[in-house]
Amino acid sequence: MIAGVVVAVLVAGSVGGWFLWGRDGNDGGTGRGPTAAPSVSASTSGSASGTDGTPSGTASGSPSPSAGAPPAGFRLVEESGFALAVPEGWNRTTSGKSVFYNAPDGLSLVQVYPLDEPGITPYEALRLTSRDLAAQNPGYSEISLARTGPGDDSVELVYAYDRTEGRRKVVDRAFVGGDGRQYAVLAAGPESAWPEQRKTLDTALEFFEP
């Protein structure tokens, strides 16, 4: 049943981790989805560091909101249940429980979605997400899956996949928020634009507040 939902959602078009593999079954807001293949590499334990997709910067662990203003080119937005910083000029859309901020060119986005599955941890949510993406997505590659804080309360998945516009690279952080709820925030964009996705995610998480 889950496999059927995964296929349907991938065909409809979505980029978002937990949301993608079947809790809502709706389109991911972009209108363009991944195609599929097995993952090629993974790091599934410990806290990682480095320049190619592994956690770094101020956004390690569960985010704590910054007291200052966001940097130039970003703005604060308030949603129902949380606030965060997103790039200026990006357009808001929603699909199911996910909120998207899409770049004007349609190639990059920020997605926020809750992890509402009872008993799931952020680590398990992203591990299962990567497993199902690998099974259903030709061209899918898991670059890293690493804990960014103590235990399983903050985890980051970096992956890439093929789409008609070219290869896309995504960094997805799942964590327990200050309100005790679990969230995931991801930034996606062309692989050639990396590490802009990481900079976007780090800024979003720096100002994330339930």
Side-chain angles (χ1 to χ4, degrees), residues 14-20 23-24 26 28-30 47-49 53-104 108-126 129 144-158 169-189 195-210:
S14 173
V15 301
W18 189 248
F19 174 77
L20 197 161
R23 287 312 178 249
D24 286 345
N26 295 318
T30 64
S47 296
S49 60
T54 50
S56 63
T58 60
S60 61
S62 298
S64 298
S66 174
F74 286 79
R75 62 189 175 97
L76 288 174
V77 295
E78 292 187 3
E79 297 289 345
S80 177
F82 59 87
L84 77 164
V86 298
E88 291 275 7
W90 288 26
N91 302 311
R92 180 185 184 276
T93 60
T94 62
S95 185
K97 295 181 180 180
S98 286
V99 178
F100 297 85
Y101 284 88
N102 301 286
S108 300
L109 62 83
V110 170
Q111 179 183 356
V112 186
Y113 54 101
L115 302 176
D116 290 336
E117 183 77 359
I120 200 78
T121 65
Y123 183 87
E124 187 69 4
L126 292 190
T129 293
S144 64
L145 175 62
R147 295 172 175 87
T148 61
D152 289 346
D153 284 352
S154 181
V155 181
E156 187 174 277
L157 171 66
V158 181
K169 191 168 182 177
V170 183
V171 53
D172 191 351
R173 181 75 63 87
F175 57 90
V176 178
D179 58 351
R181 294 188 65 191
Q182 296 184 42
Y183 300 89
V185 182
L186 69 80
E196 287 302 314
Q197 297 93 313
R198 172 160 300 291
K199 295 177 183 177
T200 298
L201 181 69
D202 284 352
T203 303
L205 291 176
E206 182 181 352
F207 291 88
F208 185 91
E209 184 173 8

Asks: Which atom names give the shortest non-hydrogen contact between T148 and V155, and what distance separates them?
Replies: OG1-N, 3.8 Å
Asks: Kindly write out the residues that satisfy side chain to side chain donor-acceptor pair (under 3.5 Å) with D179, not counting sequence neighbours, or none if the list is empty.
Replies: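 Residues passing side chain to side chain donor-acceptor pair (under 3.5 Å) with D179: Y183.
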Asks: Between T200 and V86, is there a side-chain heavy-atom distance shorter than 4.5 Å?
Replies: no
Asks: Under the side chain to side chain contact (heavy atoms under 4.5 Å, CB included) criterion, do K169 and V158 qualify, and how do the steps go?
Replies: CA-CA 7 Å; K169 191 168 182 177; V158 181; 3.9 Å; yes
Asks: Work out which heavy atom in Q182 is nearest to a heavy atom in T121; give both atom names and the distance.
Replies: OE1-C, 3.6 Å
Asks: So which heavy atom on A85 is nearest to which on P70, and how close?
Replies: CB-CB, 4.2 Å
Asks: If you compare all heavy atoms of A188 against all heavy atoms of V170, which two are closest, and at what distance to 0.1 Å?
Replies: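 Looking at all heavy atoms of both residues, the closest pair is CB-CG2, 3.7 Å.
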Asks: Which pairs, with at least one residue in residues 76-96 and sequence neighbours excluded, count as a salt bridge (charged side-chain N to carboxylate O under 4.0 Å, His left out)?
Replies: E79-R92
Asks: F207 versus P71: any side-chain heavy-atom pair under 4.5 Å?
Replies: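 Yes, side chains in contact.
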Asks: Taking all heavy atoms of L115 and all of A184, pick out the closest pair and write down the distance.
Replies: CD2-CB, 4.3 Å
Asks: In sequence, state the C-alpha distance, the side-chain angles, and the governing distance for D172 and L201, and then conclude on side chain to side chain contact (heavy atoms under 4.5 Å, CB included).
Replies: CA-CA 8 Å; D172 191 351; L201 181 69; over 6 Å; no
Asks: Measure the spacing between OG of S154 and CZ of R173 and express it to the nearest 0.5 Å.
Replies: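 Going from the OG atom of S154 to the CZ atom of R173 covers 5.0 Å.
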Asks: Checking R198 against D202 for the side chain to side chain contact (heavy atoms under 4.5 Å, CB included) test, could you report, in this order, the C-alpha distance in whole Å, the side-chain angles of both residues, the deciding distance, and whether it holds?
Replies: CA-CA 6 Å; R198 172 160 300 291; D202 284 352; 3.7 Å; yes
Asks: Do the side chains of F208 and P210 get nearer than 4.5 Å, heavy atoms only?
Replies: yes
Asks: Got a sec, which residues hit ring-ring contact (aromatic ring centres under 6.0 Å, His included) with F74, two or more places apart in sequence or on another chain?
Replies: none
Asks: Less than 4.5 Å apart, side chain to side chain, heavy atoms only: is that true for V112 and Y101?
Replies: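 Side-chain contact under 4.5 Å: no.
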Asks: Which atoms form the tightest heavy-atom contact between S98 and Q111, and what is the distance?
Replies: OG-NE2, 2.8 Å
Asks: Report the residues that fulfil side chain to side chain donor-acceptor pair (under 3.5 Å) with R181, sequence neighbours left out, ordered by chain and then residue number.
Replies: D116
